[in-house]
Amino acid sequence: MDPVIVAGAGPVGLALALALAKRGVPTIVLDEAEGPADARDDLRHPRTTVLGADTAALLERLGYPQVYADGTTWTGWRTLRRRQEVLRVDFGPASDDEPARPSPVHISQHRLERGLRQTLHGHGLVRIVTGSRVDAVDEDATGVTVHTRGADRTWWRGSYLVGCDGPRSTVRKLLAVRFPGKTAVDRHAVAALRVELPEPGVALLHRDPPGAGTGQEVTARPLPDGLWRFDWLLPARGDLLTADELVTRIRSILTTWCGSVVPYELAGSAEYPVHQRLARRWRVGRTFLAGDAAHLMGALGAQGVEEGLRDAENLSWKLALAWHEGASETLLDSYQAERREAVGARLRATDQALPLVRAGGTWNTVRHSLLSGSARGHAELLTDSHLGRGSAASPPVYGRSPLALPAPRPGGGGSGGGKTAGSPLVATCATPPGGLVVDVPVTALDGTVGRLRDRLGQNLLVMLIAPGTGVWDSRHWLTAGLMPRLASAVAALPMSAELLVAESYPGATAHSVLLIRPDGHLVTAMVGCRPAELYSYADLARGGPPHRTAPQDEPVSGRTP
């Protein structure tokens with residue numbers, strides 16, 4: 001088959017190419033730029049992203065373990081209002097009093113792109129073509145043909161095309177897909193400073209700092225090499241901030257935090273508006289949209305790059321299955337159904353929260369008690385948004401996906417798979433169908449001990465909850481209880497699958513069997529081993545039997561928009 005063509009060589013396009021290559025799919029990446037960005041330009045126009053622990057783990061699985069070294073983790077987060085600390089979150093391992101709170105990773109976009117390019121360097125299945133801009137797309141029954149202009153002005157033939165070419169996506173325009181939304185929801189001034197602050201590893205958000213007008217907001221987030229990223233919330237409409245005004249803001253906030261204007265170096269600055277947009281369609285025939293080409297989000301600390309990486313993870317295993325074995329329309333359509341719904345829900349949550357925490361909202365009506373329930377609740381909402389938690393930022397649950405079962409009813413019953421309430425075939429656990437599984441220790445059939453998160457990416461996972469197996473020699477428990485029958489059932493599944501054993505899983509009882517997609521989202525949890533039901537759930541996860549013919553949609557052709 002022809003390779004998959006990826007338009008765009010930002011973090012999302014590079015991660016998608018890497019994920020496809022890990023699954024044995026050849027990829028051509030069309031890069032409009034003439035080469036990698038200069039690190040000095042990145043400092044002059046600071047662009048960074050905050051990645052949650054699950055997304056950082058995805059990059060590690062893709063072969064980029066330096067993500068933590070290239071970025072920085074935080075020891076804590078402080079949310080302040082005026083002169084008072086409203087909320088503090090400390091990161092670190094679990095203790096007797098607190099569960100583990102992994103820190104996000106804060107990384108410059110330049111370093112992230114460089115790391116992904118280095119991971120792709122020399123990979124025989126990926127070719128990056130620089131100086132190539134898409135200007136026409138044609139589709140037929142067996143693939144897509146993409147014309148580019150630039151140094152390599154030519155036609156490229158691919159099995160599928162994925163537009164990861166940013167907010168002004170040419171691919172999206174050629175498909176005539178609408179991109180409605182809101183303009184300038186927020187506006188920010190950003191500065192990269194080399195400075196020493198009182199708590200070097202603690203990021204903070206300060207609402208209404210002393211000396212500033214009501215509704216002011218500034219965040220400071222540490223980066224490697226002694227750098228900090230400062231963000232000031234500006235009025236949505238207004239004149240550009242002058243250099244003198246920026247310096248005044250820097251000196252004012254340093255005085256507030258340090259008691260005086262401590263020495264600092266301004267490495268770069270920028271001003272940008274935050275838009276919120278959502279493409280009407282994410283799939284047209286053999287062409288898909290991902291990242292900023294499909295959605296724009298950024299208010300309340302939301303990170304578009306992280307959502308774009310989730311797009312890449314969701315789409316990559318489905319395209320790989322289609323490329324190797326063929327895929328049903330249900331599987332390919334599920335990318336739009338899952339990811340567009342997840343991003344849309346995040347945008348709706350942000351819209352509902354903005355009036356509460358921006359100027360003129362409830363913050364300005366709190367007078368008597370800083371730690372009143374409403375004030376603390378709004379502080380938690382702001383904090384969760386910046387840390388990738390809560391309704392506005394946490395990992396999605398694909399509960400309405402065509403590949404997911406309805407959530408089981410309390411008490412072990414369920415309505416999924418045609419089962420009646422009280423059926424013993426559907427088990428409950430802490431993760432709902434379509435949710436991202438919890439990372440737990442697991443043992444493979446060869447006795448290898450590791451983490452569930454590290455086994456994701458390639459195949460379906462079937463995980464048996466069997467307390468006590470950790471103290472047994474694998475040659476004993478492989479022939480005991482459910483294992484022989486379960487191993488035989490897994491070998492007969494319609495998709496490649498790996499069988500794992502775990503001592504426990506949150507909310508799951510002994511002898512529960514969890515079926516997990518390659519991207520870590522739960523298909524179902526069932527009690528015991530019933531091969532026919534397990535097969536039907538695995539068939540659900542792949543969207544049913546593949547169609548060997550090419551996916552059909554309206555013919556697609558494009559000219560320069």
Side-chain angles (χ1 to χ4, degrees), residues 403-542:
L403 310 183
L405 292 169
R409 297 176 183 173
S415 58
K419 307 302 175 186
T420 59
S423 167
L425 302 185
V426 179
T428 57
C429 68
T431 304
L436 192 64
V437 293
V438 177
D439 189 30
V440 296
V442 295
T443 303
L445 293 190
D446 60 3
T448 303
V449 178
R451 305 291 303 185
L452 175 59
R453 179 181 287 166
D454 297 331
R455 315 299 293 198
L456 299 174
Q458 296 298 321
N459 306 304
L460 283 176
L461 298 179
V462 179
M463 185 170 68
L464 172 66
I465 310 304
T469 51
V471 299
W472 293 14
D473 188 288
S474 61
R475 67 175 179 268
H476 296 306
W477 57 258
L478 282 174
T479 59
L482 293 175
M483 286 302 295
R485 191 177 186 201
L486 186 57
S488 177
V490 170
L493 293 180
M495 283 180 63
S496 297
E498 180 181 11
L499 178 57
L500 302 171
V501 179
E503 286 268 349
S504 63
Y505 187 87
T509 59
H511 304 144
S512 294
V513 176
L514 277 63
L515 182 63
I516 304 165
R517 298 180 352 175
D519 58 359
H521 288 264
L522 182 70
V523 180
T524 189
M526 55 186 294
V527 176
C529 174
R530 291 172 172 77
E533 280 76 12
L534 186 61
Y535 187 100
S536 67
Y537 294 144
D539 195 46
L540 174 70
R542 66 169 181 163

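What you are looking at is a predicted structure, and each value in this text was computed from that prediction instead of being measured.
- Residues R517 and D519 share a closest heavy-atom pair of NH2-OD2, 2.8 Å.
- Of the options L500, T431, V437, a side chain to side chain contact (heavy atoms under 4.5 Å, CB included) to I516 is made by V437 and by none of the others.
- Put simply, the side chain of C429 does not reach to within 4.5 Å of the side chain of I465, judged on heavy atoms.
- The two residues L460 and A538 make their nearest non-hydrogen contact at CD1-CB, 3.8 Å.
- The two residues A492 and Y535 come nearest to each other via the heavy atoms O-CE1, 3.4 Å.
- Residues M526 and L534 approach most closely at SD-CD1, 4.2 Å, considering heavy atoms.
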Checking side chain to side chain contact (heavy atoms under 4.5 Å, CB included) for the pair V523/L403: CA distance, chi angles, key distance, verdict?
-> CA-CA 7 Å; V523 180; L403 310 183; over 6 Å; no
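- Heavy-atom minimum distance, M463 versus V442: SD-CG1, 3.7 Å.
- No donor-acceptor pair closer than 3.5 Å links the side chain of S488 to the backbone N or O of R485.
- Expressed to the nearest 0.5 Å, how far CG of D439 lies from CZ of R455 amounts to 12.0 Å.
- For the residue pair G520 and L456, the shortest heavy atom distance occurs at CA-CD2, 3.6 Å.
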Determine, step by step, whether L445 and M483 satisfy the side chain to side chain contact (heavy atoms under 4.5 Å, CB included) criterion, reporting the C-alpha distance in whole Å, the side-chain angles of both residues, the deciding distance to 0.1 Å, and the verdict.
-> CA-CA 10 Å; L445 293 190; M483 286 302 295; 3.7 Å; yes
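- Here the OH atom belonging to Y537 is positioned 5.0 Å from the OG1 atom belonging to T524, to the nearest 0.5 angstrom.
- Judged by distance alone, with hydrogens and angles left aside, the side-chain atoms of H511 form no donor-acceptor pair with the main-chain N or O of G528 at under 3.5 Å.
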